[in-house]
Each structure stands twice: as structure tokens, then as C-alpha cells.
Protein chains: 4
Amino acid sequence: MENLADKKKAILESTLDLIKENGFHGTPMSMVAKHANVAAGTIYHYFDSKETLICQLFSYVKGRIMDALFEQDDESLDFRVRFFRVWRGLYEFYINNLNSLVFFEQFVNSPYNKKLPKPEHDTFKPLHDFFTLGIEQEYLRPVNPKILTVLAHGSILTAAKVRMAGKIELQEPELEQIIEILWDGMALKKK
Amino acid sequence: MENLADKKKAILESTLDLIKENGFHGTPMSMVAKHANVAAGTIYHYFDSKETLICQLFSYVKGRIMDALFEQDDESLDFRVRFFRVWRGLYEFYINNLNSLVFFEQFVNSPYNKKLPKPEHDTFKPLHDFFTLGIEQEYLRPVNPKILTVLAHGSILTAAKVRMAGKIELQEPELEQIIEILWDGMALKKK
Amino acid sequence: MENLADKKKAILESTLDLIKENGFHGTPMSMVAKHANVAAGTIYHYFDSKETLICQLFSYVKGRIMDALFEQDDESLDFRVRFFRVWRGLYEFYINNLNSLVFFEQFVNSPYNKKLPKPEHDTFKPLHDFFTLGIEQEYLRPVNPKILTVLAHGSILTAAKVRMAGKIELQEPELEQIIEILWDGMALKKK
Amino acid sequence: MENLADKKKAILESTLDLIKENGFHGTPMSMVAKHANVAAGTIYHYFDSKETLICQLFSYVKGRIMDALFEQDDESLDFRVRFFRVWRGLYEFYINNLNSLVFFEQFVNSPYNKKLPKPEHDTFKPLHDFFTLGIEQEYLRPVNPKILTVLAHGSILTAAKVRMAGKIELQEPELEQIIEILWDGMALKKK
DNA sequence: AATGAATGAGACTTCATTCAT
DNA sequence: GATGAATGAAGTCTCATTCAT
């Protein structure tokens with residue numbers, strides 16, 4: 001027998017899968033219900049509306065991204081090594097969770113995103129903090145950490161999407177080179 | 001009085017505007033019709049279906065992006081200067097054409113994109129060619145040009161989206177710094 | 001309160017009535033819904049599309065015609081008497097169920113009929129069997145039973161349609177004469 | 001260059017062909033226009049509306065049926081031979097003009113037919129007259145000629161439709177038998 | 001006479017949501 | 001809590017008809 005949490009999770013995961021394949025408007029509630037093995041009405045015990053479901057799914061996905069961001073991190077390592085691991089950690093999360101990547105991108109570019117109250121600090125705050133630390137410790141150039149976040153996340157996202165598009169030209173050595181180039185540009189050139 | 005091209009263009013532009021505000025499924029054909037000042041049925045003279053309209057709009061937007069990419073370019077300039085100008089050219093196009101940016105991002109992450117036959121070479125082929133040239137002329141590191149495209153386009157897109165999100169922290173000096181960091185990482189360190 | 005079968009039947013019966021009056025294209029689904037006292041969407045729980053509804057209605061009507069064919073029959077009677085009763089049985093069914101007659105005729109002459117897989121044996125198989133028996137028992141001429149089916153059904157259908165057209169000239173004695181003429185032509189002239 | 005009559009005829013013939021294939025509601029005016037090689041608007045020079053077109057087409061088809069009815073007739077022949085020729089004449093017209101047969105049947109069972117003022121005497125008046133003559137000349141039983149019309153036309157129509165349905169079991173000898181049976185039933189048994 | 005782009009009412013159908021069980 | 005039949009507003013699209021050329 002299942003408990004509530006199981007069903008709620010099944011609904012969220014089903015929605016995530018289906019939206020990747022069919023988009024928002026190609027994913028009716030009836031389809032979510034069938035995929036999650038619940039009745040259509042059941043979804044409304046857990047979520048007020050389709051919009052609520054999608055917005056809660058966004059929080060759910062954000063949480064998983066945040067978890068992934070520093071899962072591989074180890075503060076005892078050299079900062080450069082940490083940067084390489086963080087970059088790859090998020091990249092691999094996206095590759096292994098394409099439905100999250102696709103959903104996240106669809107969501108942030110959709111009108112749903114407008115309706116959401118801006119969060120105190122966003123999903124990538126930990127990344128921002130990480131770069132702030134790197135600057136303080138004089139590993140990185142003394143610039144607005146936002147800049148480094150943009151560069152890092154932009155490259156991860158784009159690399160993952162290029163890979164997802166079936167262009168498998170981005171292999172191991174290429175990934176390493178991307179990170180190296182980024183690091184070279186971002187790192188503080190000490191005397 | 002209008003001619004055919006006018007109506008078709010009005011429909012495309014209206015769709016672009018409305019999808020930015022309301023997304024695909026928040027933009028019924030009736031709304032497009034009203035916004036474009038045509039009858040609902042008229043849209044179907046120019047486009048077989050809503051899907052066709054959206055896919056043709058994608059081609060239309062791709063064309064504009066490609067035009068924007070090298071509008072500011074000047075082959076007689078130094079390669080580093082050209083890189084700065086190309087980066088800013090696309091960035092500014094996105095900022096000044098937020099509807100194109102939002103639509104493009106929504107489209108590529110949507111199921112519509114799956115149905116489209118993969119183009120021979122994509123929108124960013126000119127960027128790829130630009131980097132290939134830079135490598136040949138020994139301005140840039142001898143890596144797969146794809147890598148540089150990922151880095152450049154990822155940073156432009158992300159910067160534009162951060163700016164669009166209302167986080168106006170990215171001002172002139174920050175933009176300059178982003179490009180500088182990228183350039184430093186990508187450039188060939190000559191002896 | 002109604003059960004499922006009730007609603008499905010109400011939809012079928014409403015469609016039958018309305019198509020008699022208005023034809024296929026004069027009977028929108030909204031009209032069926034109103035006449036059957038259900039919401040428009042409800043029809044789509046029971047039938048995939050208007051086409052499906054009409055094709056299922058055809059099966060439904062065929063069933064009723066087959067039921068009517070031998071309702072009046074009594075195998076213990078003389079074959080000639082049975083023939084007269086069968087002829088009148090179907091004739092009266094048509095007269096009392098004009099909507100079925102009209103629908104049936106509209107359907108078989110329509111493109112819907114083309115799409116249907118040909119049935120193993122058709123609605124009038126029982127009539128064919130009846131004539132086969134009559135031939136075996138030497139009441140009827142030894143011809144292809146198909147011929148007799150054509151003659152019998154053709155005359156019933158045409159008589160019913162003449163009557164329906166408001167030409168009330170076909171009264172009891174005339175009907176009797178039609179059957180007699182047919183019988184005389186079909187019967188085996190015994191020595 | 002074409003004249004008016006040519007275009008009007010092309011429209012009528014196109015409509016006849018298309019309605020056989022697609023039915024009334026599957027045959028938009030635009031399709032008729034394309035098939036007849038005229039502009040949509042041109043149809044409205046010749047016919048007030050789609051309904052008018054279809055009703056005029058009915059008259060057109062009726063005319064052809066009436067022409068066919070006695071094309072093969074020869075008053076100098078024996079009445080029995082004439083009957084056989086008239087039956088086959090109409091049967092063959094239907095077989096060779098399936099679009100007329102299908103259209104006629106669709107029309108008479110459709111609501112269009114209701115709106116038409118009842119004609120003074122209908123399409124099959126010549127058949128009725130033929131049978132009246134046969135009775136007067138004591139070839140046929142002294143019954144209401146209407147009866148004989150029903151039997152004859154019913155059998156012709158049904159035989160043609162059986163043949164059209166692809167059931168090719170009705171061959172030459174069977175046709176001959178059908179007419180013989182009818183004749184035997186209808187003919188006056190002289191002493 | 002002929003054209004065919006344009007119109008817009010209305011068709012078919014979908015789907016978020018409700019509610020009696 | 002769970003169900004899923006029922007709802008009906010709203011969506012996409014069609015097509016008879018018009019009218020400026």
C-alpha cells in the first residue's frame with residue numbers, strides 16, 4: 001500500500017517526464033493521472049490546480065539542482081579542483097536528468113515564471129557563494145561574482161543542451177577544455 | 001491597404017509578441033488574429049495549423065538572429081575587437097528583441113523542436129566559422145571550435161536572461177568583464 | 001439517476017432522430033448533446049469522434065433491423081405465409097422506425113460506409129438463409145438466393161420510402177398485391 | 001475558350017464526382033472549385049448557394065435518369081421484351097454512372113429533399129406510364145401501376161447497389177433471372 | 001465574367017476541474 | 001482519501017460566402 005507522499009511524488013515525477021516529452025500544453029492532467037496511476041481527481045488533493053502543480057514541480061526540481069550542485073564538492077580540496085568538480089557535477093546532473101533540464105528551461109522561459117514571487121535568493125545562490133569565496137581567497141579575479149555565475153552556468157547549460165541535441169561531438173576531452181578555458185579566464189593571475 | 005506579405009508578417013510578429021507574454025498555450029489563434037488585425041480564418045491561408053505557424057516563426061526568428069550576429073562585424077578590425085563586437089552585437093539583439101529571445105528559448109526546449117528536421121548547419125554556424133578563423137589565424141587556442149561557440153553563446157544567452165529577469169546588476173562594466181574573461185580564457189597565449 | 005448505458009443509449013437515439021431530420025452535416029454534436037441532455041464533452045466519453053458515433057450508430061441500427069426481420073416469423077407455419085409475414089415485418093419496422101430507415105439509407109450511401117470493414121455476413125444474411133431454406137424445401141425456384149434477397153429487400157425498402165414520401169396511395173390491398181406478385185414470381189411452379 | 005454553359009456543366013459534374021467520394025459535408029465549395037478549374041467565387045455566378053447547387057444537380061441527375069429510362073426502348077417490340085430492355089437500360093445506366101446513383105440516393109434521403117417542392121410527377125412517371133400501358137394492353141395484371149413501379153425500380157436500384165458494393169455475384173444469368181421472376185409475377189396469366 | 005484573399009460564424013474536440021460515490 | 005464520469009468553457013480549424021480587383 002502506498003502513502004500520501006508516494007502518490008504526491010509519483011505525480012510530480014510523472015509530470016516531469018511527460019512535460020519533457022510533450023511540453024506544458026501537451027500534458028493534460030488526465031495524462032499525468034494515468035502515468036502516475038492515480039485518478040484525475042486525486043491530483044487535486046495534492047495540488048490546487050495545474051498551475052500549482054507546475055509551480056511546485058519547479059520548486060522540486062530546483063531542490064534537486066541545488067542538491068546536485070555541491071554533492072561532489074569537497075572543501076578540503078584545492079579551489080581549482082573544486083571548480084572543476086562543481087562544473088562537472090552540475091553538468092552530469094543535467095545529462096542524467098534531462099527531464100529536469102528541459103522542464104527547468106521551459107519553466108523559466110514561460111509565463112508561469114512571471115507569476116512566481118521572486119525568491120530571496122535563487123537556485124544558483126550556492127554557486128554565487130562559491131565564487132565569492134574564491135574571490136576572497138584570491139583564487140579568482142576580483143569581479144562581481146554574478147559574472148562568474150553567468151559564465152559558469154551558461155557554459156554548463158549550453159554544453160548540456162548541445163549534448164542533449166544529439167550532437168555527441170562534446171566528449172571528455174572537450175569538456176575538460178571548456179572548464180580549463182573558463183578557469184584560465186576567471187582565475188587571478190598571481191605574480 | 002496591405003499586401004499579402006504584410007499580413008503574413010503581421011501574424012508572425014503578433015505571435016512573437018504574444019508568446020513572449022503568454023507562452024504557447026496561452027496564445028490562442030483568436031488572440032493572434034485580433035492582435036494582427038486579421039480574421040481568424042486568414043491565419044489559415046498562410047499557415048496550415050498553429051504548429052506550422054510556430055515552426056515558421058522559428059525559422060523567421062532564426063533568420064533575424066543570424067542577421068544580427070555579424071551586423072556589427074568588420075573584418076578589417078583586429079580579431080580581439082571583432083570578438084568583443086560580435087559578443088555585444090548578439091547580446092544587444094537579444095536585449096532589444098526580448099520576444100525573440102524568449103520565443104527561441106521556449107521553442108528549442110519544446111516538443112515542437114523535436115519534429116523539425118535537423119538543419120544542415122544551425123543558426124550559430126557563422127559563429128562557429130568565426131572561431132574557426134580565429135584558430136587558423138592563431139588568435140585562439142587550437143581547440144574544437146564547437147567549444148568556443150558553446151562558451152560564447154552560453155554566456156551571451158545567460159547574460160541576456162539575467163538582465164531580462166530584472167536583475168539589473170549587469171551593467172556596462174560587468175559586460176565588458178565577462179567578455180574579457182572569456183577572451184582571456186580562449187585566446188592563444190603567444191610567447 | 002441514470003447509469004452509463006442510459007447516457008450512451010440516449011446519445012445514440014438522439015443522433016438517430018436528429019440525423020433523420022437534419023442529415024449528417026446538419027446535426028452538430030452540440031445539438032446531439034442538447035437533445036440527449038448531456039454535456040458536449042460527455043459524448044466523447046462514449047465515442048471517440050463524430051465519425052465513431054455514426055459508425056456505432058450504424059451497428060446499433062443494423063442490430064435492430066436484424067431483430068425485426070424475424071420477430072414475426074413462426075417456423076411452424078406454411079412457407080408462403082412465413083414469407084408474407086417476414087415481408088410485412090420488415091416493412092412495418094421501417095414504417096414505425098423511419099429514423100432508422102432514413103439513417104440506414106444515408107449511411108450506406110455515404111463515405112462513412114467505405115471506411116467500415118466489410119462484415120463477415122451482412123444485415124440481411126437471415127433473409128438469405130430464409131430463402132435458401134425455401135429453395136431446399138422446393139417452395140421457391142432453384143436460383144441463387146441472393147436474387148430473391150435483392151427482390152424482397154428492394155421491394156420492402158422502396159415501398160417504405162414511397163409511403164414515407166407522403167404518397168399514401170400504398171394501402172393495405174396494394175401491399176398485399178406487391179407481396180403476391182413477388183411470391184408468384186419466386187415460387188416454384190409444382191406440377 | 002470556354003463559354004458559360006461549359007463552366008456550369010463542369011461545376012455540376014465536379015460536384016457529382018466529389019459527392020460520390022466524399023458526401024455532401026465532405027465536399028466544400030473550394031474543392032468543387034478546384035476540381036472544376038474555376039475560382040470559388042465563380043460558382044456563385046451560376047448558383048446562389050451550395051444548397052441551390054445541390055438541388056439543381058438533383059434536377060440535372062433526374063434528367064439523365066429519365067433520358068436513360070427509355071433510351072433502349074422500342075415501341076414496336078413485344079411488351080415483354082420492352083420490359084426486359086427498360087429494366088436493363090436503367091440498371092446499366094446506374095452501373096455506368098455510379099456517381100449519379102450515389103448522389104441520387106444521398107439526396108432523396110437527405111433533408112435537402114424535404115425542402116424541394118414536390119414535382120408534379122416524378123422521375124419515374126415514364127415508368128409508371130409504361131406500366132399503365134402494359135395493363136391496358138392486358139400484358140400485366142390489373143393492379144395499381146404504382147405497385148409495379150415500386151417492384152421494378154426497387155429491384156433495379158437494389159441490384160445496382162449490390163453490384164456496386166463489390167459483391168460481384170450478380171452476373172448476367174442472375175440479372176436475367178431477376179427480371180424473369182419479376183415478369184412472371186407481374187404478367188397477366190392469360191387463359 | 002472571373003478571381004481568390006478575406007471573413008467570421010460555427011463546427012468538432014479537448015481538458016482543467018468538480019462532485020457524488 | 002480516492003475515484004472517474006460528467007461538465008462546459010474555450011481551443012483549433014473549416015468553409016460558405018463576399019467583394020475589391
Side-chain angles (χ1 to χ4, degrees), chain A residues 1-4 7-8 24-34 37-54, chain B residues 1-4 6-8 24-34 37-53, chain C residues 1-4 6-8 24-34 37-53, chain D residues 1-4 7-8 24-34 37-54:
Chain A
M1 201 193 65
E2 302 158 296
N3 64 36
L4 284 189
K7 290 211 169 161
K8 185 163 184 176
F24 289 132
H25 90 282
T27 305
M29 295 298 257
S30 57
M31 194 188 280
V32 173
K34 185 177 292 181
N37 275 312
V38 299
T42 304
I43 301 178
Y44 289 85
H45 278 291
Y46 297 102
F47 307 94
D48 282 349
S49 67
K50 187 176 187 181
E51 181 168 336
T52 302
L53 165 59
I54 285 174
Chain B
M1 198 198 57
E2 300 159 297
N3 64 35
L4 286 190
D6 282 341
K7 288 212 168 153
K8 186 166 185 175
F24 290 132
H25 89 282
T27 306
M29 296 299 259
S30 56
M31 193 188 280
V32 173
K34 186 176 291 181
N37 272 314
V38 298
T42 303
I43 302 177
Y44 291 87
H45 274 292
Y46 297 103
F47 307 95
D48 282 348
S49 65
K50 188 175 185 180
E51 179 168 337
T52 302
L53 165 58
Chain C
M1 199 198 59
E2 301 159 296
N3 64 35
L4 286 190
D6 283 343
K7 288 214 166 147
K8 186 165 184 176
F24 290 131
H25 90 283
T27 306
M29 296 299 258
S30 56
M31 193 187 279
V32 174
K34 186 176 290 181
N37 272 314
V38 298
T42 303
I43 302 178
Y44 290 88
H45 275 292
Y46 297 102
F47 307 95
D48 282 348
S49 65
K50 187 175 186 180
E51 178 168 338
T52 301
L53 166 58
Chain D
M1 200 194 64
E2 301 158 298
N3 63 37
L4 284 190
K7 290 210 170 163
K8 185 165 185 176
F24 290 131
H25 89 284
T27 306
M29 296 297 259
S30 57
M31 194 188 280
V32 173
K34 185 176 291 181
N37 274 313
V38 299
T42 303
I43 300 179
Y44 289 85
H45 277 292
Y46 298 102
F47 307 94
D48 283 348
S49 66
K50 188 177 185 180
E51 180 168 336
T52 302
L53 165 58
I54 286 175

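The sequence lines fix the lettering, A, B, ..., with proteins before strands; numbering per chain opens at 1.
The phosphate of F/dA6 has OP1 or OP2 within less than 4.0 Å of a side-chain N or O from C/Y46.
Closest to the side chain of B/A39, from the set E/dA2, E/dT7, E/dC12, is E/dT7. Minimum atom distance to the side chain of B/H45 is reached by E/dA5, of the listed E/dG8, E/dT3, E/dA5. Comparing E/dA11, E/dA6, F/dT12 against the side chain of B/Y44 picks out F/dT12 as the nearest. Here E/dA2 is the nucleotide among E/dT13, E/dA11, E/dA2 with the atom lying nearest to any side-chain atom of D/K7. Comparing F/dA6, F/dC13, F/dC15 by their closest approach to the side chain of B/S49 singles out F/dC13. Considering only side-chain atoms of B/T42, the nucleotide from F/dT3, E/dT17, E/dA6 that sits closest is E/dA6.
Summarising the base pairing, F/dT21 is matched to E/dA2 through a Watson-Crick or G-U wobble pair whose two defining distances lie under 3.5 Å. The partner of E/dA11 is F/dT12, judged by Watson-Crick or G-U wobble contacts that both fall below 3.5 Å.
D/L53 places its CG atom 10 Å from the P atom of F/dA16, with the value rounded to the nearest Å. The distance from atom NE2 of D/H25 to atom P of F/dC15 is 8 Å, rounded to the nearest whole Å. Atom P of nucleotide E/dA5 and atom CG of B/N37 are separated by 20 Å, given to the nearest angstrom. Here the C1' atom of nucleotide F/dT3 and the NZ atom of A/K34 are 15 Å apart, to the nearest Å. The CE-P distance, from B/M31 to E/dG8, rounds to 19 Å in whole Å. Protein atom CE of C/M29 is 6 Å distant from nucleotide atom P of E/dT13, rounded to whole Å. A straight line from NZ of D/K50 to C1' of E/dA11 spans 13 Å, rounded to a whole angstrom.
Atom CD1 of A/I43 is separated from atom CG of A/D48 by 13.0 Å, given to the nearest 0.5 angstrom. Within the model, atoms OH of A/Y46 and CG of A/L53 stand 13.0 Å from one another, a figure rounded to the nearest 0.5 Å.
Judged by the 6.0 Å distance and 45° axis criteria, C/K50 is not positioned over the aromatic ring of C/F24.
Residues C/P28 and C/G26 approach most closely at CD-O, 3.3 Å, considering heavy atoms. Across every non-hydrogen atom of A/A39 and A/A33, the tightest pair is C-CB, 3.9 Å.
The residue among A/A40 and B/E51 whose nearest nucleotide of DNA chain F is located toward the 5' end is A/A40. Place D/I43 and C/G41 on DNA chain E by their nearest nucleotides, and D/I43 ends up nearer the 5' end.
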